[in-house]
Visitor: 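Take this structure, written in structure tokens, and hold onto it; I'll ask about it next.
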Amino acid sequence: MKGYAGQILHVDLTTKQCRVEKPEESFYRAYLGGSGLGTYYVLKETPKNCDPLGPENVIVFSVGPVTGASLSGAARHAVTAKSPLTGSIGASEAGGYWAPELKKAGFDAVVIKGRASAPQYLWIHNGEYELRDASALWGKTTGDVQQLIREELNDKSIRVAQIGPSGENGCLYANIVNELAHFNGRGGLGAVMGSKNLRAIAVRGTMKPDFADAEGLMALAKRGAQQVLNEPGPAGFKQEGTNNCVNAHIGLGGLPTRNWSSGVFEGQDELTPKAWESVIKPGTCFACVQSCKRHVDPKKVAPDVLDPKYGGPEYETVGMCGSNLCISDKIAICRINEIAAKYAFDTISFGVTVGFLMECMEKGLITPADTGGIELRFGDADAVIRLAELTGKGEGFGREVALGSARLAKKIGKGSEKLLATVKNREFPAHMPQAKASLALAYALTPFGADHVTIEMDPAIGALPLSDQMRGFGFDRAEDPYELNLEKSKLFWRTQLMYSMMDAACMCLLAWGMWTIYTPDDLVDAINMATGWKTNLYEMLMAGERRLQMMRAYNIREGLTNADDELPGKMFAPLKGGITDGFTVDKEMFYQAREFFYEMAGWTGENGAPTKARLLSLNLDWLAE
């Protein structure tokens with residue numbers, strides 16, 4: 001079998017037993033990898049209504065068919081489990097260097113269940129595997145743990161995916177991080193690892209992946225390198241990184257500010273890519289020429305001020321811990337980002353939770369007596385840094401912040417739920433549905449809670465001429481980015497299939513999305529070159545839908561219904577200031593567009609379950625029955 005290692009490692013932490021499964025090629029062709037494969041195992045091997053932080057929850061690390069190729073955007077892996085933050089399926093992707101190493105070590109996935117009686121880490125190397133004592137690692141920050149594992153195993157090239165102290169302490173939005181700066185960052189899957197007493201998975205491999213057409217993949221890689229130089233979109237993204245979203249959202253009036261009360265921040269000029277040049281430098285993932293990451297530059301900022309090994313803030317951190325909290329101090333934002341990396345927690349959920357608390361305090365719903373004496377005011381970076389430390393360590397009021405904003409609203413009461421920016425208890429990322437209308441649907445309907453990287457957003461059809469990629473998905477006229485209508489339901493449904501397929505194949509949307517280096521046809525070619533298949537875009541989009549329908553079925557099994565596909569009231573309240581002053585999500589149209597989406601997706605009844613016919617059409621007979 002080409003492309004895949006052909007082996008899946010199963011680990012029971014309770015019994016310390018491991019076994020290797022060798023699936024048929026048809027299994028890989030149906031589920032591809034990533035969270036497509038991960039959701040399959042979570043559905044199959046977890047009992048209904050299991051405790052997400054209990055031993056019965058299964059957590060799956062998985063790669064895809066092209067993983068390990070020296071090709072831009074092919075270095076991702078997925079982690080899938082029941083999310084402790086949402087109670088729904090949890091799926092999170094990360095780039096970096098861990099995924100290719102797992103493939104070279106001889107495995108396509110690691111399926112983990114149970115709970116170790118004492119802290120452990122899993123060591124995988126060239127087809128071999130063992131559980132090792134991690135007692136000396138427990139409680140240490142991520143940088144120390146990575147160094148200690150490499151020293152213990154006497155190999156500086158080992159790649160480590162790990163949790164931090166926040167995952168050990170059960171922070172409901174704890175991350176998993178590799179190379180200290182590449183995160184599986186949403187839904188609290190780091191807390192799932194922590195609940196299992198599993199601190200890390202260290203991998204090392206020297207077995208070269210066997211691709212059907214290695215020369216073809218190399219030619220595709222070289223063409224991609226030229227595309228980055230020649231195409232304005234990828235070239236600008238390479239030059240500015242994800243913080244180019246600041247400029248885009250300034251133009252739209254959609255830069256989240258004051259806990260989503262406004263789309264305009266008075267200090268926004270200090271957060272533009274040009275302003276960030278004084279602090280950070282480009283970074284990248286394995287074999288990727290897009291180089292969209294950003295790291296603190298030790299030539300610009302002294303190491304005793306910021307530690308460069310923990311990377312640097314991407315747009316989501318800048319948005320949620322910057323403009324949303326009315327903080328324009330770049331060093332302060334970097335410091336928050338560094339703390340989150342050391343303790344491994346999600347800056348999106350943290351930033352939204354702190355913004356929620358700031359507005360609660362502003363409105364008199366809480367006082368410093370409720371927050372351990374911390375005065376939480378918009379613009380107070382020192383208070384946020386202090387709270388980040390407490391959250392990472394699980395100390396003081398940080399233990400409350402680690403619950404996330406939706407659970408805090410239930411504790412606070414007094415109408416505080418009106419100030420939330422959450423769906424399924426998961427905090428919004430830094431893109432505003434009032435300025436990108438299709439996100440109203442994406443946030444409400446994505447199986448794992450509010451998420452911005454599951455679809456192509458409104459600007460893709462915002463002006464003529466539309467790209468060939470968007471025309472190929474059936475769009476031929478421009479739509480106002482601010483307007484929610486049935487065309488936006490189509491945009492969500494059709495492009496969600498593409499992005500779901502990318503996640504199943506573990507390909508990065510920042511290299512393989514609808515506006516980036518490669519096209520959808522290139523992605524099919526890459527999969528064929530890796531595997532030797534003769535597949536097409538239709539079959540791969542079916543694999544993308546298969547992943548989505550399994551996720552929806554899992555959520556229905558766990559008791560979620562259409563009532564969980566709801567936007568918070570704050571999205572229907574008018575924004576204040578700038579070009580989006582007075583803008584809201586059109587509530588009546590939201591429900592019309594949501595109903596239209598249900599019909600397209602084949603979700604029926606009050607719980608929105610996939611129809612039997614829809615599941616059978618995707619060859620999910622086992623799930624339909």
Side-chain angles (χ1 to χ4, degrees), residues 245-246 248-266 268 319-320 323-326 348 351-353 355-356 358-360 362-363 365 378 405-406 409 415-446 449-452 454-455 457-462 478-492 562-598:
C245 290
V246 173
H249 291 156
I250 288 173
L252 285 169
L255 190 63
T257 302
R258 299 188 72 86
N259 189 38
W260 296 84
S261 296
S262 176
V264 179
F265 173 42
E266 62 182 14
Q268 60 195 22
M320 291 297 85
S323 64
N324 186 53
L325 306 182
C326 298
I348 298 176
V352 176
T353 299
F356 162 78
M358 285 178 169
E359 189 169 6
C360 283
E362 185 176 72
K363 294 183 180 302
L365 304 181
F378 287 107
S405 54
S416 61
E417 69 279 356
K418 296 177 182 179
L419 309 182
L420 288 172
T422 60
V423 170
K424 300 178 178 68
N425 290 346
R426 185 159 116 161
E427 286 77 14
F428 281 17
H431 303 254
M432 302 188 74
Q434 301 94 326
K436 294 178 180 177
S438 67
L439 290 176
L441 297 167
Y443 289 179
L445 291 160
T446 297
D451 198 275
H452 64 294
T454 57
I455 65 165
M457 297 185 203
D458 303 73
I461 58 171
E479 296 287 339
D480 184 346
Y482 302 103
E483 182 182 351
L484 185 59
N485 54 35
L486 299 188
E487 282 297 302
K488 300 301 177 68
S489 296
K490 296 177 187 176
L491 178 68
F492 177 33
N562 292 350
D564 296 290
D565 301 335
E566 184 63 85
L567 288 177
K570 200 172 186 71
M571 295 303 105
F572 305 117
L575 295 176
K576 299 176 182 178
I579 61 175
T580 47
D581 184 63
F583 280 36
T584 70
V585 173
D586 184 326
K587 193 170 188 178
E588 181 179 351
M589 179 51 68
F590 168 71
Y591 291 116
Q592 289 182 31
R594 189 180 71 169
E595 189 63 34
F596 183 44
F597 178 89
Y598 286 152

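None of the values given here were measured: they were computed from a predicted structure.
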Visitor: Can you check whether Leu484 reaches Leu441 side chain to side chain, under 4.5 Å on heavy atoms?
Guide: yes

Visitor: Taking atom types as modelled, find out whether Ser405 and Glu427 have a side-chain donor-acceptor pair closer than 3.5 angstrom.
Guide: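 Yes.
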
Visitor: So which atom in Ala593 and which in Ser489 form the shortest heavy-atom distance, rounded to 0.1 Å?
Guide: O-OG, 2.9 Å

Visitor: Given the rule in the side-chain contact (heavy atoms from CB on, under 4.5 Å) test, do Tyr591 and Glu595 qualify, once you have shown the distances and angles that lead to the verdict?
Guide: CA-CA 6 Å; Tyr591 291 116; Glu595 189 63 34; over 6 Å; no

Visitor: Who are the salt bridge (charged side-chain N to carboxylate O under 4.0 Å, His left out) partners of Lys363, not counting sequence neighbours?
Guide: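 Salt bridge (charged side-chain N to carboxylate O under 4.0 Å, His left out) check on Lys363 returns Glu359.
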
Visitor: Could you give the distance from CZ (Phe590) to OG1 (Thr584), rounded to the nearest 0.5 Å?
Guide: 12.5 Å

Visitor: Any non-hydrogen side-chain atom of Leu439 less than 4.5 Å from a side-chain atom of Met457?
Guide: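 Yes - at least one pair of side-chain heavy atoms lies under 4.5 Å apart.
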
Visitor: For a quick test of reading the model, state the closest non-hydrogen atom pair linking Leu419 to Lys570 and the distance between them.
Guide: O-CD, 3.6 Å

Visitor: Under the rule for salt bridge (charged side-chain N to carboxylate O under 4.0 Å, His left out), what residues qualify as partners of Arg258, not counting sequence neighbours?
Guide: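 Partners of Arg258 under the salt bridge (charged side-chain N to carboxylate O under 4.0 Å, His left out) test: Glu362.
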
Visitor: My understanding is that only residues two or more places apart in sequence, or in another chain, count here; which of them pass salt bridge (charged side-chain N to carboxylate O under 4.0 Å, His left out) with Asp564?
Guide: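 Asp564: no salt bridge (charged side-chain N to carboxylate O under 4.0 Å, His left out) contacts found.
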
Visitor: Flag the pair Met571 / Phe428 as yes when at least one side-chain heavy-atom distance between them is below 4.5 Å, and no otherwise.
Guide: yes

Visitor: Let me confirm one number: the NZ-CZ distance from Lys488 to Phe596, rounded to the nearest 0.5 Å.
Guide: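 Interatomic distance, Lys488 NZ to Phe596 CZ, rounded to 0.5 Å: 14.0 Å.
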
Visitor: For Phe356, what residues pass the ring-ring contact (aromatic ring centres under 6.0 Å, His included) criterion, not counting sequence neighbours?
Guide: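 Phe356: no ring-ring contact (aromatic ring centres under 6.0 Å, His included) contacts found.
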
Visitor: Counting N and O atoms only, with roles assigned by atom type, does the side chain of Ser323 sit under 3.5 Å from a partner on the main chain of Thr257, one being a donor and the other an acceptor?
Guide: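 Answer holds: no.
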
Visitor: How long is the gap from CD1 on Ile455 to OG1 on Thr446, to the nearest 0.5 Å?
Guide: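 Going from CD1 on Ile455 over to OG1 on Thr446, the span is 7.5 Å.
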
Visitor: Looking only at non-hydrogen atoms, find the nearest pair between Phe583 and Gln434 and report the distance.
Guide: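 Nearest heavy atoms, Phe583 then Gln434: CD2-O, 3.9 Å.
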
Visitor: How long is the span from the CD1 atom in Ile250 to the CZ atom in Phe265, to the nearest 0.5 Å?
Guide: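 Going from CD1 on Ile250 over to CZ on Phe265, the span is 10.0 Å.
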
Visitor: Where the side chain of Tyr482 meets the backbone of Leu252, is there a donor-acceptor pair that is under 3.5 Å apart?
Guide: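 Yes; at least one donor-acceptor contact below 3.5 Å.
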
Visitor: With rounding to the nearest 0.5 Å, note down the distance linking CG in Asn324 to CG in Asn259.
Guide: 5.5 Å

Visitor: Excluding sequence neighbours, so at least two apart, what forms salt bridge (charged side-chain N to carboxylate O under 4.0 Å, His left out) with Glu483?
Guide: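 Applying salt bridge (charged side-chain N to carboxylate O under 4.0 Å, His left out) to Glu483 gives none.
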
Visitor: By ring-ring contact (aromatic ring centres under 6.0 Å, His included), which residues pair with Phe597, not counting sequence neighbours?
Guide: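 With sequence neighbours excluded, Phe597 shows a ring-ring contact (aromatic ring centres under 6.0 Å, His included) to Phe492, Trp493, Trp603, given in chain and number order.
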
Visitor: As a quick check of understanding, evaluate side-chain contact (heavy atoms from CB on, under 4.5 Å) for Glu479 and Leu491, giving each step before the final call.
Guide: CA-CA 10 Å; Glu479 296 287 339; Leu491 178 68; over 6 Å; no

Visitor: Might you point out which heavy atoms bring Thr422 and Pro568 nearest each other, and give the distance in Å?
Guide: O-CD, 3.3 Å

Visitor: For Pro433 versus Ala440, what's the shortest heavy-atom pair and its separation?
Guide: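 Smallest interatomic distance, heavy atoms only, reads CB-N, 3.7 Å.
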
Visitor: Would a distance-only check, ignoring hydrogens and angles, find a side-chain to backbone donor-acceptor pair under 3.5 Å from Asp565 to Leu445?
Guide: no

Visitor: Hey, what do you get for CZ (Phe572) to NZ (Lys587), rounding to the nearest 0.5 Å?
Guide: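 Spacing of CZ (Phe572) from NZ (Lys587) equals 5.5 Å.
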
Visitor: Taking the six-membered ring for Trp, are His431 and His452 parallel (under 30°), tilted (30 to 60°) or perpendicular (over 60°)?
Guide: parallel

